Amino acid sequence: MEQVERHEGEERIHFSIILHPHRSLSPRAFLILMGCIAGVSFITGMVFLMMGAWPVLGFFGLDVLAIYIAFKMNFKSGKRYEIVEIRGSDLTVKAVLPNGRSSITVFQAYWSRILLDNNILCVRCRMETLEFGRFLIEEEKAEVKEMITHALYRYRNNAVLH
């Protein structure tokens with residue numbers, strides 16, 4: 001999560017946060033892990049090969065390939081992110097998928113509320129509701145809710161004063 005406050009052109013950005021999934025395995029650690037898995041699979045496969053069960057070596061190779069593909073898919077899904085901003089009089093939620101496609105939902109910031117119920121984080125404005133931050137853990141969702149709620153409070157009080 002990254003939070004910034006800045007000015008862009010005439011529209012003031014009152015609040016901005018970038019939400020992205022947590023990935024604890026670095027690319028270097030991934031290579032080390034895959035090396036260990038491949039090494040153990042190869043050694044175990046060679047034991048079976050020497051016992052005459054040569055097809056087992058191929059299955060160990062398929063296991064390593066399946067684990068590699070699963071990790072690569074997980075890393076790709078980690079490229080998704082969401083940007084929540086209070087810009088001008090709007091609260092925008094921009095969701096960007098791993099393939100680069102994005103969607104933007106705009107709410108009136110003054111009437112927007114951030115809700116966290118049953119581990120579902122969402123924006124509600126009048127009759128419209130949008131869930132966001134699905135990839136965050138429960139503690140992160142609570143933290144994000146508090147940050148955005150506080151930013152909306154500051155925005156509303158600033159809007160009333162001006």
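Just so we're clear, the structure is a prediction, and the values are computed from it rather than from any experiment.
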To the nearest 0.5 Å, what is the distance between [atom1] ([X]) and [atom2] ([Y])?
X      : Y      : atom1 : atom2 : result
Ile104 : Lys94  : CD1   : NZ    : 5.0 Å
Leu31  : Arg28  : CG    : CZ    : 9.5 Å
Ile148 : Arg113 : CD1   : CZ    : 13.5 Å
Leu130 : Cys125 : CG    : SG    : 11.5 Å
Leu136 : Glu143 : CG    : CD    : 9.5 Å
Leu19  : Glu140 : CG    : CD    : 9.0 Å

Residue pair [X] / [Y]: nearest heavy atoms and the distance that separates them:
X      : Y      : result
Ser16  : Ile83  : OG-CG2, 4.1 Å
Pro21  : Gly78  : CD-O, 3.9 Å
Ser41  : Val64  : OG-CG2, 3.4 Å
Cys122 : Phe132 : C-CE2, 3.7 Å
Leu116 : Lys145 : CB-CD, 3.6 Å
Ser89  : Tyr155 : CA-OH, 3.2 Å

Practice prompt. Starting from Ile137, walk the hydrophobic network (Ile, Leu, Val, Met, Phe, Trp, Tyr; side-chain heavy atoms closer than 4.5 Å) and list everyone else you reach, by chain and number.
Written response: none
Discussion item. Are Val123 and Leu91 packed together at the side-chain level, in the sense that at least one heavy-atom pair is separated by less than 4.5 angstrom?
Written reply: yes
Discussion item. Could you check whether any side-chain heavy atom of Thr92 comes within less than 4.5 Å of a side-chain heavy atom of Val84, counting everything from C-beta outward?
Written reply: no
Connected via hydrophobic side-chain network under 4.5 Å: [X] and [Y]:
X      : Y      : result
Phe48  : Ile37  : no
Leu25  : Tyr68  : yes
Tyr110 : Val106 : no
Ile114 : Trp111 : yes
Ile67  : Leu33  : yes

Worksheet entry | Phe135 atom CZ, over 12 foreign heavy atoms within 6.0 Å | yes
Fill in: Met34, CE: over 12 other non-hydrogen atoms inside 6.0 angstrom
yes
Fill in: side-chain contact (heavy atoms from CB on, under 4.5 Å) between Leu121 and Glu131, intermediate numbers included
CA-CA 6 Å; Leu121 182 63; Glu131 182 181 357; 5.8 Å; no
Worksheet item: Once the angle between the rings of Phe30 and Phe75 is folded into 0 to 90°, is it parallel (under 30°), tilted (30 to 60°) or perpendicular (over 60°)?
Response: perpendicular
Worksheet entry | Stepwise side-chain contact (heavy atoms from CB on, under 4.5 Å) test for Ile13 and Ile86 | CA-CA 6 Å; Ile13 298 178; Ile86 302 173; over 6 Å; no
Fill in: Arg80 side chain vs Val96 backbone, donor-acceptor pair below 3.5 Å
no
Worksheet item: Quick check: does any side chain N or O of Glu82 sit under 3.5 Å from a backbone N or O of Gly133, one acting as donor and the other as acceptor?
Response: yes
Practice prompt. Quick one: list whatever passes side-chain hydrogen bond (donor to acceptor under 3.5 Å, both in side chains) with Arg126, sequence neighbours left out.
Written response: Gln108
Practice prompt. Using the test side-chain hydrogen bond (donor to acceptor under 3.5 Å, both in side chains), find all partners of Asn74 that sit at least two apart in sequence or belong to another chain.
Written response: Arg23
